[in-house]
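I have placed the structure first, in the form of structure tokens, so that the comments after it can refer back to it.
When a ligand or atom number is given, it counts from 1 through the structure's own listing order. Quick caveat, the model's predicted, so the values are computed rather than measured. Counting begins at 1 with the first residue of the sequence. Excluded from the calculations below are hydrogen atoms, water molecules and symmetry mates; all remaining heavy atoms, backbone and side chain alike, are included.
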Amino acid sequence: MADTFPLSPDCSRFKKEIDCLMEAVIERNPGETEFHQAVHEVADTLLPFIDAHKKYKDALILERMTEPDRIIIFRVTWLDDDGNYRFNRAWRVQFNNAIGPYKGGMRFHPSVNQSILKFLGFEQVFKNSLTGLPMGGAKGGANFDPKGKSEHEVMRFCQSLMIELHRHIGEDVDVPAGDIGVGEREISFLFGMYKRLQNHFTGTLTGKGLSFGGSLVRKEATGYGAAYFLENMLRHADEGLKGKTAVVSGSGNVSLYCIQKLIQDGAKVVAASDSGGTVYDKDGIDEEKFEFLRALKEVRRGRIHEYAERFGCEFREGESPWSIPCDLAVPCATQNELDLAAAKELVKNGVMAVAEGANMPCTTEAVHFLQKKDVLFGPGKAANAGGVTVSGLEQSQNSLRVSWSREEVDRRLQDIMQDIHCQCVEYGERKGKPVDYRKGANIAGFVRVAEAMLAYGAV
Ligand code: NDP
């Protein structure tokens, strides 16, 4: 077996079953290490549960869930501003539609490959199930780097990508959204082309602009949702956000709005980052500094060191924020950005809770260490489900031809994040120990999909 991952204490007696499952997954998906990691993370907490529920075991539900329904791979050819031909590879991984049409973001980043999209699609199945909304799981993207491209180049790329993608998606089939490198600008280019090709105005993409079917609070939803989930975890442990020091990684869509909500709810956020490094603002990011950061990243598409220059605080080039003392850590940038060494540093500095704003930002070793040290750990499937939640609400508004107010959407988001927290507690509560949110999220997300798959029989 190429990859080896540690097992949680609860799962050590299932080592043989996990090894067997992982061997088959690795054999079918050679070299896809991120995907192996995501499957292992789920198996590590699910196998004892499945063992106790023979119906899931006999129908090979988990094994079948590790195989995507289909993967569409295609070339995207486009012209750059100098008239040169360029091409990239794009994918849509339609993972599982047992409980609703496929749903999941599109990622544009040079690191994108099939393994990363499969790990994201697999996670999305569980996450979407947790929201209680009728959404299956999918993910897509391209190894295209929007950084440094002109507006027209990004537009031409999006339009060319949609010329292929449009025949595989639809409001009742598959509803893509944003992710790394895909924000409102890209969704608008994609949707404009989709609408033109289909001659249909439907809610087939989410994250749209407000004037053409977008939902209020969608932009803020993942970050706000992560802050709400963190707040729920703290409240359950008789704690709160007020007065806590937080570090957040990244400064993109998820990070920005997580920072904003944490500040609004009384925490002091002292760090943010991008792939160039970390800013450490000991005084905390206040509302005015936040507005500067938001304009820097959303409007000017600038680099985070400009924040340090503007406010005279420390910039740690090439570093992540995990060595900065904090009570709360919220990784919101990318997968595997917080490793065992970083987890040890956080624990040494007294971290109380870690909530994953990004997808799988903590390595397996880091998660096990944090849980061993009784740090409250909110896995991405639960903690960052706010984005897809409001995407689901955007779909509902589009179908009903209505637009809910900001307050209405935010209230529904808060209710669903609270419900996800409750589901995690239901399946993850432990005597004398913090809730095992990882186990809770995996089991709760699994059950709904598994019941639907059982009902369908062998299809
Ligand atoms: P953005 O593109 O808006 O922002 C990503 C941020 O992370 C940027 O600050 C970027 O810095 C940084 N980053 C990306 N890759 C790396 C890297 N390899 N090393 C260091 N920093 C990096 O993406 P989002 O905020 O939308 O997504 C962030 C995470 O949240 C992803 O894991 C995504 O899957 C997850 N997520 C997003 C949702 C959404 O609604 N957008 C929903 C649920 C999860 P730089 O600009 O320098 O590259």
Where ligand 1 meets Asn384 - atom numbers and elements under 4.0 angstrom, heavy-atom basis:
43 (C), 44 (C)
For the CZ atom on Arg75, are there more than 12 heavy atoms of other groups (residues, nucleotides or ligands in this structure) within a distance under 6.0 Å?
no
Near Arg218 (heavy-atom distance under 4.0 Å), the atoms of ligand 1 are 40 (O)
For atom 4 (O) of ligand 1, what is the nearest protein heavy atom, given as residue, atom name and distance?
Gly252 CA, 3.2 Å
Measure the distance from atom 27 (O) of ligand 1 to every protein heavy atom, then report the residue, atom name and distance (to 0.1 Å) of the closest one.
Ile180 CG1, 3.6 Å
Can you name the atoms of ligand 1, numbered from 1 with element, that are less than 4.0 Å from a heavy atom of Gly357?
30 (O), 44 (C)
Considering only heavy atoms of Gly250, which atoms of ligand 1 have at least one such atom less than 4.0 Å away?
9 (O)
Looking at ligand 1, does Lys147 have a heavy atom less than 4.0 Å from it?
yes
Looking only at protein heavy atoms, what sits closest to atom 46 (O) of ligand 1 is Arg303 NH1, 3.6 Å
For ligand 1, which atoms, with element, lie under 4.0 Å from some heavy atom of Arg107?
31 (C), 32 (O), 33 (C), 34 (O)
Whether His421 and Tyr437 hold their rings parallel, tilted or perpendicular, with breakpoints at 30° and 60°:
tilted
Find all atoms of ligand 1 within a distance of less than 4.0 Å from any non-hydrogen atom belonging to Ser251, and give their numbers and elements.
9 (O)
Who's closest to atom 15 (N) of ligand 1 heavy-atom-wise, of Thr334, Thr206, Asp274?
Thr334
Which protein heavy atom lies closest to atom 12 (C) of ligand 1, and at what distance to 0.1 Å?
Ala333 CB, 3.8 Å
Leu46 CG to Lys439 NZ distance, which is reported to the nearest 0.5 Å:
10.0 Å
Provide the number and element of each atom of ligand 1 under 4.0 Å from a heavy atom of Cys332.
28 (C), 29 (C)
Exercise: identify the closest heavy-atom pair between Pro68 and Val93:
CB-CG1, 4.1 Å
Classify the side-chain pair Thr278/Glu319 by whether it contains a donor and acceptor separated by less than 3.5 Å.
no
Quick one: sort the Phe446 and Phe126 rings into parallel, tilted or perpendicular, breaks at 30° and 60°.
parallel
Protein heavy atom at shortest distance from atom 37 (C) of ligand 1
Val254 CG2, 3.4 Å
Verify whether one side chain among Arg303 and Ser275 offers a donor that lies under 3.5 Å from an acceptor in the other.
yes
Nearest to atom 35 (C) of ligand 1, what protein heavy atom do you find, and at what distance?
Asn359 ND2, 3.7 Å
Heteroatom proximity flag, Lys139 to ligand 1, N/O under 3.5 Å:
no
Closest to atom 38 (C) of ligand 1 among protein heavy atoms sits Thr222 OG1, 3.6 Å
Return yes when at least one protein heavy atom is under 4.0 Å from atom 10 (C) of ligand 1, and no when none is.
no
Rounded at 0.5 Å granularity, tell me how far OG1 in Thr131 sits from CZ in Arg412.
13.0 Å
Please state which protein non-hydrogen atom is closest to atom 33 (C) of ligand 1 and give its distance, to 0.1 Å?
Asp179 OD1, 3.1 Å
Does Phe201 have Lys195 sitting over its ring (NZ/CZ under 6.0 Å from centre, angle to axis within 45°)?
no
Ser275 versus ligand 1: do any nitrogen or oxygen atoms come within less than 3.5 Å of each other?
yes
Any chance NZ of Lys149 has more than 12 other-residue heavy atoms, nucleotides or ligands included, within less than 6.0 Å?
yes
In terms of heavy-atom contacts, does CZ of Arg300 have more than 12 from other residues, nucleotides or ligands at under 6.0 Å?
yes
Note: ligand 1 atoms sitting under 4.0 Å from heavy atoms of Gly181 are 2 (O)
His109 and Ser111: side chain donor to acceptor below 3.5 Å
yes
No-hydrogen, no-angle side-chain donor-acceptor test under 3.5 Å, Gln414 and Tyr224
no
